[in-house]
Amino acid sequence: MKVRTLRRRPAWPALTKHQKEIAKLTLRQLFDQDPQRGERLAVEAAGVYLDYSKNRVTDETLRLLLQLAEQSGLRESIDAMFRGDKINVSEKRSVLHVALRAPRDATILHDGHDVVPEVHAVLDRMAGFADRVRSGAWQGHTGKPIRNVINIGIGGSDLGPVMAYEALRHYSRRDMRFRFVSNVDGTDFAEAVHGLDPAETLFIVSSKTFTTLETMTNAHTARDWLLAGLGGEQAATARHFVAVSTNAQEVARFGIDTANMFGFWDWVGGRYSMDSAIGLSTMIAVGPENFRAMLAGFHEMDQHFRTAPFARNLPVLMGLLAVWYNDFFGAQTVAVLPYEQYLKRFPAYLQQLTMESNGKHVTRDGRLVDYDTGPIYWGEPGTNGQHSFYQLIHQGTRLIPCDFIAFARALNPLGRHHDTLLSNVFAQTEALAFGKTEDQVKAEGTPDWLVPHRLFDGNRPSNTILLDQLTPATLGKLVALYEHSVFTQGTIWQIDSFDQWGVELGKALAQKIIPELEAPSEPALSHDSSTNALIRRYRKLKGAS
Ligand code: G6Q
């Protein structure tokens, strides 16, 4: 199917026109007109319930958005991804994170070769290793069992593992410590190893390329710390360092035996890799069985995305709603608000997933886009956010669509805590949608001069995502839901959601300046006057010449 440029797809101008027609319609009116709306505009699949009724959409909006998906070739794009086509055009790569969670008996081809057996071979090796570490069979150099696991990685090799560890802490080994070092700021490393015994510490160096400046700097510092603590015996590294990478050559050069390397493949993007060997720390924390349950959750959502009709397809609906606000209401952000303390790192994880994927300004064939692409994703767990930035969401001048995420059953049921927590989810989405009218404010006895301050105009959209309980499987479903929503959005915008040239730029730039900061005498500087002056001032402040 030949996909037309975005503005030429018939649904696009139709949506522009339609938006003008319904812009003044309120959620109050929409709910009054249709008493069943709250049940009608909701979908349940793979154990995930999505209530999207509190969005500024009519049946016509949904019809047009679904048409846009068809006219954008979404069905063909989904098939192309699952088929292993090289849809990451600027890097000429397939995009097959879905293969990471395919069951053993599935077949997924990459360049005519079934990758599923390799995926499971790595998973089996990871499971064997995780079991040995967890049981104490894998011992450190001095014969002590491993009590501390430190993942060294950054970006996609860090955010997934940190988020998953925090999310699944309830299921984790409480007699072991899991820490994560990402920043090249030495403080990150120093604090991570503070108080730890090197003899009981295992480092997992996680880096797809094994050349990333921050990770390699931290890995070398880790080796120095370990050797200093274990009497300088080089042989000690073998029992205290393992690697997760696609680059066996660099792993060997660092001095890690490739027998202790867990591989993955260039068809796994960094931000789509928490379910690959990059999840080794997660697997050690929660055990292989829980890790596999997480993969099964991912897979269930993959199957849903691949097969469900778009009108009942959770990631498609969420992606289309994001496009609706981003491109037709000028909304610049989406707030993600998990009412689950264990998901405290989920918004940070999503920032990378969404913004690194869809923060693009050219189409897949290199033309400048003339519409907005990826919105800014941000958020904090509820109810904490309610006591800070929700003010702006309720009464500010910007439209901020929100995703509320909640679980019906608490992992730590304590008295009335969970009902109180959930009552806040429902109260917030209700207040955002329906606000508080002048009459209501007056009826509360508010003096006239105070009424405008206490008015809530409402009509502020939200999704509510309700799941049973936070488990490894539900975590997998939730992550896959957002992965595929991102894919849906990227397909509509015709961009490459799987490259990251902006990130690559940062990797190269710092390399040039490091020698200028470290030179013993003032180097010749050829940056702009601001950068030159800052470098000189820094050198002076730190006591260099
Ligand atoms: C993710 C990005 C980026 C990457 C890091 C770490 O999609 O490409 O965040 O994960 O830069 O890269 P390495 O794993 O190669 O060290």
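Each ligand, and each atom within it, is numbered from 1 in the order the structure gives.
- Judged purely by atom type and a 3.5 angstrom limit, Thr258 has no side-chain atom pairing as donor or acceptor with the backbone of Ala252.
- Every atom of ligand 1 is numbered from 1 in the order shown, and the set under 4.0 Å from a heavy atom of Ser157 is 10 (O), 13 (P), 14 (O).
- In this structure, His97 contributes its side chain and Ala480 its backbone to no donor-acceptor pair below 3.5 Å.
- At a heavy-atom distance under 4.0 Å, only side-chain atoms of Gln500, from C-beta outward, approach ligand 1.
- Within the 3.5 Å criterion, the main-chain N or O of Phe305 finds a donor-acceptor partner in the side chain of Asn313.
- The protein atom (non-hydrogen) at minimum distance from atom 11 (O) of ligand 1 is Lys507 NZ, 3.0 Å.
- The protein heavy-atom contact nearest to atom 15 (O) of ligand 1 is Thr209 OG1, 2.6 Å.
- Here the rule is ring-ring contact (aromatic ring centres under 6.0 Å, His included) with Tyr482, and of Phe346, Tyr272, Phe487, Tyr349 only Phe346 fits it.
- Geometrically, ligand 1 and Val503 share no nitrogen or oxygen pair separated by less than 3.5 Å.
- Near Ser207, meaning under 4.0 Å from any of its heavy atoms, are these atoms of ligand 1: 13 (P), 14 (O), 15 (O), 16 (O).
- When only non-hydrogen protein atoms are considered, atom 9 (O) of ligand 1 lies nearest to Gln352 NE2, 2.7 Å.
- With hydrogens left out, the protein atom closest to atom 4 (C) of ligand 1 is Gly156 N, 3.8 Å, a heavy atom.
- No side-chain donor from either of Thr488 and Ser485 sits under 3.5 Å from a side-chain acceptor of the other.
- The salt bridge (Lys or Arg N to Asp or Glu O under 4.0 Å) test with Glu483 singles out one residue from Arg101, Arg271, Lys477, and that residue is Arg101.
- When Ile154, Ile152, Thr212 are ranked by how near their heavy atoms come to atom 5 (C) of ligand 1, first place goes to Ile154.
- Remark: among candidates Glu356, Arg271, Lys208, Glu504, the nearest residue to atom 3 (C) of ligand 1 is Glu356, based on non-hydrogen atoms.
- In this structure, the side chain of His220 engages the main chain of Met216 through a donor-acceptor pair within 3.5 Å.
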